[in-house]
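Quick notes on the structure that follows.
On a predicted model such as this, the values are computed, not experimentally measured, just so you know. Both ligands and their constituent atoms are indexed starting at 1 by order of listing.
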Amino acid sequence: MDNSPVVAQADASLPNDTQENIRIVESAVGSNSPPKEKIGSDFDSRMMLRCLELARRALGRTSPNPLVGAVIVKDGEIVGEGFHPRAGEPHAEVFALRAAGVGGARGATIYVSLEPCNHYGRTPPCSEGLIEAGVAKVVVGMVDPNPLVAGGGIARLRAAGIEVLVGVEEEACHQLNEGFVHRILYKRPLGILKYAMTLDGKIATTSGHSAWVTSQEARSEVHQLRAACDAIIVGGNTVRQDNPYLTTRQVEAHNPLRVVMSRRLNLPASAHLWQTADAPTLVLTQKGANPDFQELLLKQGVEVVELTSLTPDKAMAYLYERGFCSVLWECGGTLAASAIAQGAVQKVLAFIAPKIIGGSIAPTPVGDLGFTTMTEALSLERVRWRVVGSDCLVEGYFPEKPNSQ
Ligand SMILES: Nc1c(N[C@@H]2O[C@H](COP(=O)(O)O)[C@@H](O)[C@H]2O)[nH]c(=O)[nH]c1=O
Ligand SMILES: [Zn+2]
């Protein structure tokens, strides 16, 4: 991992979105890259943002597929819209074409947040569908990194004489599908470590009390974050100490799979995770662990999977095989350190509450990584700060390693 220091610079000239009480400060690394030239008109941007809004209706439900939205515009009017609801169902373009009706897309412009596919997967290629429908222009948010597509859709459309504009609101399109992109490039789900700590770096008191470190607003933000993920992982310690629900608390929202990693299955029989059916639960353990408890879990409708060795990387490899794009680590410090050390975390979301607990043995968000000098510290890139309720949310990414998996 590259340990180049990231010096955060609070500078009044940097972007500042006061309307949403958001203060975004690029890290020194991020701000070194020149600002990207805007592609397309303001109208193109508006239509692409509409595509993203539509795509979000399926938040958390499309894996292993991406979130995609499409809008068809004819004579300045929207004549059809669609989004990809889940894997196995038609793609966004198909729904938009259906909404436009027979002949409705002829001579029109279609906006799609991801490059139209050009392969026979679970569904036929959208490129052919668009050519048949007679669209005149295709505006694409981002190129599909899937090697089955990867520019092929754009090339096919151009070969058919259709005008194609690529890269409108590309960053926003990429952000929405960062899990999908990571899955395709690294053959693992994107690992997001989220924690809430006090100003003096503690996630609980010495006695383990942690309800609540952050404000209600920050907790709602976590619920929204959960809705966008495929799974949430915790360790046995978190189940024993916090007895969490790990749900989104929203009736309409997707609830991710709740995953507990426990080698010995020394877990409480009465935990909320197996007493509540609001979300599915999976317990990952090692071969032959505590058969009596396994039976109890199965009776409660909890899925149990035995891995030959239970490590963060093995857990992520398993979740990749299950088709997941993004996994939220909501575990304690020991498991978090091991997940980081094994490369199972790419993104960090740290909520910092303006409170002080004190004490030297109160638990901290990340356990021992074995570092003795500051030069070993792991530096985040693309760092952003924003205020959420009375707390500060710092988010950033570990530098991506070249495809090593
Ligand atoms: N969901 C989506 C696309 N998804 C692309 O197609 C792949 C899945 O194909 P399939 O198995 O047929 O569903 C997926 O990995 C991604 O590359 N493409 C699009 O044009 N529009 C869509 O709405
Ligand atoms: Zn498609």
### Task
Specify the protein heavy atom at minimum distance from atom 1 (N) of ligand 1: its residue, its atom name, and the distance to 0.1 Å.
His84 CD2, 3.2 Å

### Query
Regarding Arg183 and the six-membered ring of Phe324, is the cationic atom NZ or CZ under 6.0 Å from the ring centre and inside 45° of its axis?
no

### Task
Inspect the surroundings of CZ in Arg264 and state if more than 12 heavy atoms from other residues, nucleotides or ligands are less than 6.0 Å away.
no

### Task
Determine whether more than 12 heavy atoms belonging to other residues, nucleotides or ligands lie under 6.0 Å from atom CD of Glu295.
no

### Query
What do you reckon, is OH of Tyr245 surrounded by more than 12 foreign heavy atoms closer than 6.0 Å?
no

### Task
Step through the shown structure and confirm whether more than 12 heavy atoms of other residues, nucleotides or ligands are within 6.0 Å of CD on Gln216.
yes

### Task
Name all residues meeting the ring pair (Phe, Tyr, Trp, His ring centres under 6.0 Å) criterion together with His174; count only those two or more places apart in sequence or in a different chain, and write none if there are none.
none

### Query
Does one side chain, of Glu178 or Tyr397, offer a donor that lies under 3.5 Å from an acceptor on the other?
yes

### Message
Suppose we measure from atom 18 (N) of ligand 1 to each protein heavy atom; which comes out shortest, and what is that distance?
### Response
His91 ND1, 3.4 Å

### Query
For atom 4 (N) of ligand 1, which candidate among Pro147, Pro66, Cys117, Gly82 provides the closest heavy atom?
Pro66

### Task
Using a 4.0 Å heavy-atom threshold (strictly under), name the region of His119 that reaches ligand 1: side chain, backbone, both or neither.
side chain

### Query
Taking atom types as modelled, is there a side-chain donor on Asp313 or Thr311 under 3.5 Å from an acceptor on the other?
no

### Query
Hey, is Thr123 touching ligand 1 through its side chain, its backbone, both or neither, going by heavy atoms under 4.0 Å?
both

### Query
Under 4.0 Å from any heavy atom of Arg122, which atoms of ligand 1 are there?
10 (P), 11 (O), 12 (O), 13 (O)

### Message
With no hydrogens and no angle check, just 3.5 Å: does a side-chain donor-acceptor pair link Ser220 and Glu217?
### Response
no

### Message
Contact between ligand 1 and Pro116 is defined here as a heavy atom of the residue under 4.0 Å from a ligand atom; is it met?
### Response
yes

### Summary
of all protein heavy atoms, closest to atom 15 (O) of ligand 1 is Asn146 ND2, 3.0 Å

### Task
With heavy atoms of Asp144 as the reference, note each atom of ligand 1 found under 4.0 Å away.
5 (C), 16 (C), 17 (O)

### Task
Assess whether atom NZ of Lys314 is packed by more than 12 heavy atoms of other residues, nucleotides or ligands within 6.0 Å.
no

### Task
Please say whether Glu89 places an N or O atom under 3.5 Å from an N or O atom belonging to ligand 1.
no

### Message
Tell me whether Arg98 forms a cation-pi arrangement with Phe95, defined as NZ or CZ under 6.0 Å from the six-membered ring centre and within 45 degrees of its axis.
### Response
yes

### Query
For ligand 1, which part of Phe83 has a heavy atom less than 4.0 Å away: the side chain, the backbone, both, or neither?
neither

### Message
Considering non-hydrogen atoms of the protein only, which is the closest contact for atom 21 (N) of ligand 1, and what is the distance?
### Response
Glu93 OE1, 2.9 Å

### Query
Should you measure from each heavy atom of Phe180, which atoms of ligand 1 turn up under 4.0 Å away?
15 (O), 16 (C), 17 (O)

### Message
Looking only at side-chain N and O atoms, does Thr62 offer a donor or acceptor that is under 3.5 Å from a partner on Arg86?
### Response
no

## Note on the structure
Within 4.0 Å of some non-hydrogen atom of Glu115, the atoms of ligand 1 are 20 (O)

### Query
Going by heavy atoms, is Tyr120 under 4.0 Å from ligand 1?
no

### Contact summary for Thr247 and Arg226, nearest pair of heavy atoms
O-NH1, 2.8 Å

### Message
Suppose I only count heavy atoms of Ala92 and a 4.0 Å limit; which atoms of ligand 1 are within that range?
### Response
22 (C), 23 (O)

### Task
Provide, to 0.1 Å, the distance between atom 8 (C) of ligand 1 and the closest protein heavy atom, together with that atom's residue and name.
Asn65 OD1, 3.3 Å

#### Entry: Donor on one side chain, acceptor on other, Glu169 and Ser45, under 3.5 Å
yes

#### Entry: Metal environment of the Zn ion (ligand 2), protein N/O/S under 2.8 Å
His91 ND1, Cys117 SG, Cys126 SG

